[in-house]
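Remarks on the structure that follows.
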Amino acid sequence: MAASLVPKIYRSANKPTWCPGCGDYGVLEATTRALATLQVEPHRVAVVSGIGCSSRFPIFLNAYGFHSVHGRVLPIATGLKVANPELTVLAVGGDGDGLAIGAGHFPHAARRNPDITYIMMDNSIYGLTKGQISPTSRLQQRSSTTPWGNVDRPLNPVAMAVAAGASFVARGVSWAVAELADLIRQGIEHRGFAFIHAVSPCPTFNNTLAQIKPRVAPLPQGYDPTDPVRAFELALHTEALHTGVLYREPETIPYEERLAALEPPTVQDRQTFLQSLIDAYR
Amino acid sequence: MAASLVPKIYRSANKPTWCPGCGDYGVLEATTRALATLQVEPHRVAVVSGIGCSSRFPIFLNAYGFHSVHGRVLPIATGLKVANPELTVLAVGGDGDGLAIGAGHFPHAARRNPDITYIMMDNSIYGLTKGQISPTSRLQQRSSTTPWGNVDRPLNPVAMAVAAGASFVARGVSWAVAELADLIRQGIEHRGFAFIHAVSPCPTFNNTLAQIKPRVAPLPQGYDPTDPVRAFELALHTEALHTGVLYREPETIPYEERLAALEPPTVQDRQTFLQSLIDAYR
Amino acid sequence: MQPIDLVFRFGGESGEGVISCGEIFAQAAARAGREIYTVRTFPAEIRGGHAVYQVRVGDDLLLSQGDRVDVLVAFNGEGYEKGLPDLRPGGILVCDGDQVTPDPSFDGTAYPIPFTTLARDQVGSLRAKNMVVLGAVAELFDLPREVLFSLVAQRFARKGEEAQEANRRALEAGAAYVRDHVTKQDPYRIGTGPHTGRVVLSGNEAVALGALAAGLTFFAGYPITPASDIMENLVRWLPQVGGRLVQAEDEIAALAMVLGASFGGARAMTATSGPGLSLMVELLGLASAAELPAVVVDVQRAGPSTGMPTKEEQGDLNLAVWGAHGEGPRIVLGATSVADAFQTTVQAFDLAERYQCPVIVLSDQFLGFRKASVAPPPVDEIRPSYRILARRNGAYRRFQLTESGISPAAVPGMVGLQHVITGLEHDEFGRPAYDPARRTQMMAKRARKMALAAQEPGMTRRWGHPEPVLGVLGWGSQEGVIREAVARANREGYRVAALHTRMLWPLPHGEIRAFLRQVKAVLVPEVNFSGQFANLLRTQFTIEPHRLTKSDGLPFRPVDIYEKIKEVYPDGR
Amino acid sequence: MQPIDLVFRFGGESGEGVISCGEIFAQAAARAGREIYTVRTFPAEIRGGHAVYQVRVGDDLLLSQGDRVDVLVAFNGEGYEKGLPDLRPGGILVCDGDQVTPDPSFDGTAYPIPFTTLARDQVGSLRAKNMVVLGAVAELFDLPREVLFSLVAQRFARKGEEAQEANRRALEAGAAYVRDHVTKQDPYRIGTGPHTGRVVLSGNEAVALGALAAGLTFFAGYPITPASDIMENLVRWLPQVGGRLVQAEDEIAALAMVLGASFGGARAMTATSGPGLSLMVELLGLASAAELPAVVVDVQRAGPSTGMPTKEEQGDLNLAVWGAHGEGPRIVLGATSVADAFQTTVQAFDLAERYQCPVIVLSDQFLGFRKASVAPPPVDEIRPSYRILARRNGAYRRFQLTESGISPAAVPGMVGLQHVITGLEHDEFGRPAYDPARRTQMMAKRARKMALAAQEPGMTRRWGHPEPVLGVLGWGSQEGVIREAVARANREGYRVAALHTRMLWPLPHGEIRAFLRQVKAVLVPEVNFSGQFANLLRTQFTIEPHRLTKSDGLPFRPVDIYEKIKEVYPDGR
Ligand SMILES: Cc1ncc(C[n+]2csc(CCOP(=O)(O)OP(=O)(O)O)c2C)c(N)n1
Ligand SMILES: Cc1ncc(C[n+]2csc(CCOP(=O)(O)OP(=O)(O)O)c2C)c(N)n1
Ligand code: SF4
Ligand code: SF4
Ligand SMILES: [Mg+2]
Ligand SMILES: [Mg+2]
């Protein structure tokens, strides 16, 4: 194939319908670059999403896409990967999609560890429904559902991913496209569940760019990404928002391979096996 | 009321239907002792549960009880506490109830921080449905749904509670009733969401008592329960299962109080307010 | 002052302010004493797509959006092209002269006005274009200037003096252009009308107000189009009367919180749309079995699945009525108009508390978002019941077998009435119990509540010919359209009457049966694919109704129903 | 060898091994060449409660559990008391003489045997009591000894020599006591029969085998009574043929995984019961809209809510057919018997793939847990279709508008056919599109699939009188009972025929209509409160059926239906 697959090839004919300045453009760009770096052919890529502005993502990609329902991106992607392990499977969606209605699936995808790269576009707001607080909205934040200020303390996606046992946890920001592309590339290359927390502001309903930008910081010198306690500690930092690979499990076997390894020594012919089962019921 | 409320008072006329030796007996006993210590009158106690052997709990208590559906104990308890803040609200259930089907509600109850005490009876198995693996079952465990061994890595309830921002996180074991009673008492006294991880073996389907007992350990000398990173670290320990209060947020305002504090200075008479609203629509 | 009946349509790119232009226009007309009736559509995408706002302005009680458009206001080429087919022959076109050149074959009156140029050059901001349009349209159709300017000032009061000034300039730029460069060639003017003292409400606002008036103390919800603004209004209001609102992590949690609050004694409610209602099915069954009051509002949108979130459909009736594993008591109401949405919500709380069961209120996108001028809701007359409470008297039987099926409830905190409620089958005390005899009694007890509810008075509305040959059976938001179509048919000599059912489950058997006995043929018009209400009626009554269905995302026009009435009318007039 | 027809009931405390005693007894009888038909009930509590296992042993095709019990085996006092009302007059009682003293008025033959003493003293373990009972009953009714002993040895093969030895001693203790101390006073013996070569399967086992035979490659599920053992069997089998199974975190995740796998090209399935199906409603709509094949088995249990998890009900038909916001294609099948459960599951995959939509298979607790001896399923003859696949040919239209409504699919990995599927309304390419014309086309396209499915052949079964006056319309697991009742009515001279519908949605209109035309009156017996199938039929056909319903947690007995036939029979024979 040589290096013939340029980023543009991964874009579909459908022009993104996001607002001007939406962070999700950067994430889309980073994703196509990561795919181009890996030279994976479009027909071998499948992208699953939930519902939300960010979840429109697959519509703009040249790949197999499944724009599903709100919150179910991870179990859908898990089923897809287990059934069709040859595919490069991406799961994408918003902070509401993944941490509100989808919160129950996140720890289970993490602990099972299928070889999926999950990009959560976090704008700390519900974009598509026009600006309600999300699970990562800050305390006191005003929104259409918090006119008196938000009283729900924000969730910490990175800390939760580490606690649930995700084997690869990284953070990037939508405006640092090259770094984000590299993180996504590493996530795809990682053999197991890779969680990419992609901070991706929503200028229309929650323009946090100015607040967040000054807090973005690289990982400390000599940082050891294989220590979950350290990753947890860093995730709790409030003054700095560290980008990079915060956690990576050195040796990990993806879920679909563990499942495959379960099989009795030889997989049998279905007819023969069925006959033997029938006989056992006599 | 004096000390007239002895533990037995909190037991209903319904005899528990658990198997002999079930850990849940110990949790029931510990709970009645904690209530007796606090001398809270039965009609001021409300216990919500999901579905499972452990979730039968309210049926055996003399209190207001809501034996609901599988996995929804926390939002039900949250609604109850917010609507009726005077009550002492307990939420109880199993590891499956709380970490599988209910996993999406756990972080949200934790971050909201209503003054609820949530006792999770963890037997690392689905008891009521007769012995399938649960989210805390160990790797390789055999069960009716894992005849070839379990490939799902277990979740760590304590680590997850800390990561989600629970303001009180403790662990006890069903056979150390006095300690467990004391933890539950502290949980009830704690102003906010108190998570009690109650290890409670199921002799019928997953008799882990002998494996777990030797691993039970107190908290290290001089342990500081206000450091979430340290609590996380301890939670990850595999050789030791620490019991006690692993984490406690020093100052915390319960959710229902935060909500109450939101109100505009004076709560208005409903009729007057309605009239003013109508006028605004003219 | 002259009676009028005019339909204005504003159409253009979503994001150009089409909707707010139409909204202000409508409210100003209402303040000027005219009746209004609006319809709103917009694309689900945040950006891009075609947005439409239609306003009917009149003096009679307005029952529908009307059949045709009299005045088309086109913000851009798409607004012109998509609107033209609905413009009545000889109708009026107001369009952005910078972007639209009417087709030579256009037979009406065209007022091209350079909105884009005016906004850019005279206000200095393209975003002001919608205010320029508004100013021009107001001038052209004599919408009282002071009403308009004071309304705009009020709506943008919080935006600061600079924005206010820009708005004024924009309105004025539009108005001045019309004064200076346009010659009025049509007779239409809004002026002032007799209907003062009205309030302008959307269906969703009426629901939120109704809940508040009914004594709502707890709300939990999860955002979803087109229901979100019920929560967004209530979160501003509820704390001001001591109530509480929680934005839940999903719809399941929302209903779970509502049930917890209801157990705790609150009057509790949630609001959602189809996908959310689908997720609530299991907990609705719990409310039925545990006999908990709860109100669930479903602002329907076009399905299946995510479907068309911003489009109209009466597609969730099946789900609301039949969406349960096993069978338990549940009441389903259909809101029929903006005024009725208030009343129905109030009644939902009353029924939920009296029958101790979940009550689903079906509204829809069309009703939820359209605004109408209505008489101020009678908020001070409302006294909904509260669940009957038990007294301490021997061992407390929460699920006591009574003749009505209704058992006195107890709320945590009441001394000595501790008990357990459960979704398991249970005995009178709430203890799990499965023996066949007791089970049969419990099923019958719960069913008795529904038999009683079926006799609630006032659950249908009837109009039209007193001795009808054809009966039109309708439900929900299509009430006004049906009524208008029937009135027209009556005027044309057809003996047609309509019965509109407000309680959809259990069906008000007596009233429907009496109506069916009178008519020779039945027509059931509804905005869904298969005719869900027709099916529901058939399960209870042996009829073979004519069906008029559509599922293209739009409500009926009166003419659709009128034509169908003529088509299926059993014999000569 | 003499034809027999005997009903045995084993009753006692759950946990005493009542169920496994009955199961082994039944399977041994089948191996001895008799037909068997079993019914199983047990309490939801892990411990405590009354457990019953009933076995009918005969030579004709056994269609039901029979009307009365011939032999009651009572493990304890409760087993005696709860069983007695169903024991036929003059019937036989085998009971634990240590615990039960038959009432002096008992008019049958009683064999009190000191099971408890025997287990304690001769085997040294009270837990062996059920094997003692089994040995005694086998001896008393001449169940071939070698068959029994080898079956027990086989079933407990993995338990080790010590347990095996204890089992043998227990069986022998029971048998010896009968030989030495009991005088046989009744004529009943099982002996050997003609039906060798049968397999003994439960409905759940038949479903699991059917799925495997249909080419299942992916299963995801969440445990729930009474469906769990479908997953528990498949997890042992599926990896051995290269398939995959995931225990999901809940039912929503289970169906989500199934849809993901199906998108990936797998033949995928989940199995659940009512509460789980309730949670799947939203994703079922996604499968309809995104046109994904998926098989969902619902082993119904008594509702509403958690209800009675271990009790029978056909209570989820409404939910299966109508449980959706909006409307999209979905097929609902009802499994009718153990043999049919295999066939229906195979067909479910075939239909799901051919019509690219979700297929729900309704089984129930009664069918799922009862065992029957059936001819070995024809596993080698099965070739279910796979969804029609697209070829690369210009821009790929995943949702191409075709005459049948079925569009060629593409599976990720196929070169050049990249596309997006979505639950939003979309155009032929899968791009979101809401305009009324295209929307109407897409709704019609999806509906065409259902119109076609309604014409699938073989979706009803008919028996009984060729020129019937009364027609019995049934569905699901009550097939055998209805058939037995109709046969009896025919013998008694009633012109009755039955039509059993296997495809419940879309209804096989042609066959039902033809049947309805023949009969004067219709009876619809079903195990639910309101008569859900009767309602469903009424939505499609103008009939006024007699309903026979019950919701006490138990299936019908043939006599229940027979009596109702007599009652509603239109005129003299
Ligand atoms: C079951 C269900 N509930 C609610 C919705 C409405 N809804 C659509 S997107 C969304 C949240 C969007 O927020 P997020 O996931 O953060 O995505 P963003 O738009 O911010 O990218 C909601 C609540 C829905 N589509 N389905
Ligand atoms: C929606 C739904 N799915 C599945 C079930 C079946 N079910 C009942 S309890 C249970 C799990 C029990 O495990 P756990 O919560 O750990 O409680 P335990 O019995 O071990 O105490 C399951 C799967 C149900 N009742 N409802
Ligand atoms: S609303 Fe926000 S998240 Fe959605 S497209 Fe616009 S900027 Fe992006
Ligand atoms: S099955 Fe296990 S968890 Fe359930 S009651 Fe018995 S011992 Fe306890
Ligand atoms: Mg977001
Ligand atoms: Mg458990």
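We name chains A, B, ... by the order of the sequence lines, and we start the count at 1 in each one.
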Just do the side-chain contact (heavy atoms from CB on, under 4.5 Å) check on B/Leu139 and A/Arg258 with the steps written out, would you?
-> CA-CA 11 Å; B/Leu139 267 175; A/Arg258 284 177 197 248; 3.7 Å; yes
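The minimum heavy-atom distance linking A/Leu262 with B/Trp148 is given by the pair CD2-O, 3.3 Å. Smallest separation of non-hydrogen atoms from A/Pro228 and B/Leu236: CG-CD1, 3.8 Å.
Comparing A/Pro135, A/Gly165, A/Gly71, A/Ala235 by how many heavy-atom pairs each has under 4.5 Å with chain B, the most go to A/Pro135. Here B/Asp152 is the residue among B/Val158, B/Val162, B/Asp152 with the most heavy-atom pairs under 4.5 Å with chain A.
In terms of modelled atom types and a separation under 3.5 Å, the side chain of A/Arg112 and the main chain of B/Arg153 share no donor-acceptor contact.
Using a 4.5 Å cut-off between non-hydrogen atoms, the part of residues 113-125 of chain A that approaches chain B consists of A/Asn113. Contacts with chain A (heavy atom to heavy atom, under 4.5 Å) involve these residues of residues 98-109 of chain B, listed by number: B/Leu99, B/Ala100, B/Ala103, B/Gly104, B/Pro107, B/His108.
Salt bridge annotation for A/Glu233-B/Arg230: absent, with no cationic side-chain nitrogen under 4.0 angstrom from a carboxylate oxygen.
Heavy atoms of other residues, nucleotides or ligands lying less than 6.0 angstrom from CD of A/Glu239 number more than 12.
For B/Ala110, the part lying under 4.5 angstrom from a heavy atom of chain A is the backbone only.
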